[in-house]
Participant: 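Have a look at this one before I ask anything.
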Amino acid sequence: MSILDGVQRVLALYADGATELSFTDVAGRLALPKSTASRLLNQMQSYGLLDQDAATRRYRPGALLAQVARAGMAATPLDDACRAVLVWLSDDSGLTAYLSTLNQRETVVLQRLNGSHPVQVLSPPGSRRAASGTAMGRALLSRLNEAEFQALYGADADRPLPVEGRDCPATVGELARVVARIRADRCGVAIDQAMPGIGAVAAAVRDPSTGELRGLCLSFVSFQADAERVARLRESVLQQVGALGRELNDPYWLA
């Protein structure tokens, strides 16, 4: 295993949700000899990729990674325009509003606005989830053309997808059908699927001048929204994201 392979595997543990890891955690999860794990962690720490808590001896992502992440997610003019819509949606509903983009077959959170409701659904910027399992991901996928979709998932409709949760697409063909429905509806809704107890309503815009793709959503715990409220949230997202799309001259929202 090269040093870069090791670095990628350790960082993937944090990308999957770990906040702190001990030497034992890394050695065990990656099935590494203790000497290899020790050398790898020491090197990552020396280069600023990891920090070690002096008291607990556990490792967390280093300051250098935080700086790189901030630079990589610097707001674009499209992001600024999306943020204005997020503010409106969050203030109007009291719910958490998210801005995300698509990275291969995953969504990546770019911005989060906390709502005023005392119960919130909170995922930090940088969080990733499989696009096939969420309203946000499917809304983003609905903006891809057939060639772009097949570049991500292939053309075999029977190809299985990782199990994400209840009622999530199990094959590429099932995902394609779900995405087609969302493309026609211009809005995706998912409740108690990949994230039990969580619901979301999402839509996406694409800047025709740059090709940038962004998804916007409202997220809520299931007990906060009955069918009538979900319908109202859906209409609100459609109105606000649609208005933004028309401002961008996004053909999807002009039709």
Participant: If only atom types and distance count, is the side chain of Arg9 paired as donor or acceptor with the main-chain N or O of Leu30 below 3.5 Å?
Facilitator: yes
Participant: Please name the pair of heavy atoms, one in Trp253 and one in Gly242, separated by the smallest distance, quoted to 0.1 Å.
Facilitator: CE3-CA, 3.3 Å
Participant: Is there a donor-acceptor pair closer than 3.5 Å between any side-chain N or O of Arg214 and the backbone N or O of Cys82?
Facilitator: no
Participant: Tell me whether Thr101 contacts the main-chain N or O of Leu213 through its side chain, where contact means a donor paired with an acceptor under 3.5 Å.
Facilitator: yes
Participant: Any chance you could measure Leu50, atom CG, to Met44, atom CE, to the nearest 0.5 Å?
Facilitator: 4.0 Å
Participant: Contact between Leu113 and Thr96 at the side-chain level, heavy atoms closer than 4.5 Å - yes or no?
Facilitator: no
Participant: Quick check: closest heavy atoms across Tyr153 and Ser132, and the distance to 0.1 Å?
Facilitator: OH-N, 4.1 Å
Participant: Look only at the side chain of Arg58 and the backbone of Glu20, and say whether a donor-acceptor pair between them is shorter than 3.5 Å.
Facilitator: yes
Participant: Looking at OH of Tyr59 and CG of Asp53, how far apart are the two atoms once the value is rounded to the nearest 0.5 Å?
Facilitator: 11.0 Å
Participant: Using every non-hydrogen atom in the two residues, find where Ala190 and Arg138 come nearest and quote the distance to one decimal.
Facilitator: CB-NH1, 4.1 Å
Participant: Roughly how far, to the nearest 0.5 Å, is CG of Asn114 from OH of Tyr98?
Facilitator: 7.5 Å
Participant: Just by modelled atom types, is the Asp158 backbone N or O under 3.5 Å from a matching donor or acceptor in the Asp156 side chain?
Facilitator: yes
Participant: Same hydrophobic cluster for Leu11 and Ile3, using side-chain heavy-atom links shorter than 4.5 Å among ILVMFWY?
Facilitator: yes
Participant: For Arg143, is there any backbone N or O sitting under 3.5 Å from a side-chain donor or acceptor partner on Arg183?
Facilitator: no
Participant: Give a yes or no on whether the backbone of Ala170 and the side-chain of Glu174 come within a donor-acceptor separation of less than 3.5 Å.
Facilitator: yes
Participant: Would a single hydrophobic cluster contain both Val178 and Leu141, if residues Ile, Leu, Val, Met, Phe, Trp and Tyr are joined by side-chain heavy-atom contacts under 4.5 Å?
Facilitator: no
Participant: If we only count heavy atoms from C-beta on, is the Leu102 to Leu152 side-chain gap below 4.5 Å?
Facilitator: yes
Participant: Quick one: pull up CD in Gln150 and CG in Leu144 and give me the separation to the nearest 0.5 Å.
Facilitator: 11.5 Å
Participant: Which heavy atom of Ala135 sits nearest to which heavy atom of Ala200, and what is that distance?
Facilitator: CB-O, 3.6 Å
Participant: Can Ile182 be reached from Val201 by stepping across I, L, V, M, F, W or Y side chains whose heavy atoms are under 4.5 Å apart?
Facilitator: no
Participant: Would the distance check show the side chain of Arg166 and the main-chain N or O of Gln193 forming a donor-acceptor pair, the cut-off being under 3.5 Å?
Facilitator: no
Participant: Any donor-acceptor pair under 3.5 Å linking the side chain of Ser90 with the backbone of Leu95?
Facilitator: yes
Participant: Do the side chains of Leu175 and Phe149 get nearer than 4.5 Å, heavy atoms only?
Facilitator: yes
Participant: Using a 3.5 Å distance criterion without hydrogens, assess whether the side chain of Thr36 forms a donor-acceptor pair with backbone atoms of Leu32.
Facilitator: no
Participant: Pair Glu148, Arg206 - check salt bridge (Lys or Arg N to Asp or Glu O under 4.0 Å), show working.
Facilitator: CA-CA 14 Å; Glu148 290 171 325; Arg206 198 168 194 176; 3.0 Å; yes
Participant: Take Leu99 and Arg83 through the side-chain contact (heavy atoms from CB on, under 4.5 Å) test and state the conclusion after the steps.
Facilitator: CA-CA 8 Å; Leu99 177 68; Arg83 186 176 180 84; 6.0 Å; no
Participant: Quick check on the hydrophobic clustering: are Val237 and Leu254 connected, directly or via other members, by side-chain heavy-atom contacts under 4.5 Å?
Facilitator: no
Participant: Checking Arg57 against Gln52 for the side-chain hydrogen bond (donor to acceptor under 3.5 Å, both in side chains) test, could you report, in this order, the C-alpha distance in whole Å, the side-chain angles of both residues, the deciding distance, and whether it holds?
Facilitator: CA-CA 6 Å; Arg57 310 299 296 170; Gln52 188 179 39; 3.3 Å; yes
Participant: List the atom of Cys168, the atom of Glu164, and the distance in Å for their closest heavy-atom pair.
Facilitator: SG-CB, 3.9 Å
Participant: Looking only at side chains, do Asp192 and Ser222 share a donor and an acceptor under 3.5 Å apart?
Facilitator: yes
Participant: Calculate, to the nearest 0.5 Å, the distance between atoms CG and CH2 belonging to Leu244 and Trp88 respectively.
Facilitator: 13.5 Å
Participant: Identify the two heavy atoms, one from Cys187 and one from Leu238, that lie closest to each other, and give their separation to 0.1 Å.
Facilitator: CB-CD2, 3.7 Å
Participant: Rounded to the nearest 0.5 Å, what separation is found between the CG atom of Asp207 and the CD atom of Glu247?
Facilitator: 12.0 Å
Participant: Could you tell me if Arg186 sits above the aromatic ring of Tyr252, with its cationic atom closer than 6.0 Å to the ring centre and no more than 45 degrees from the axis?
Facilitator: yes
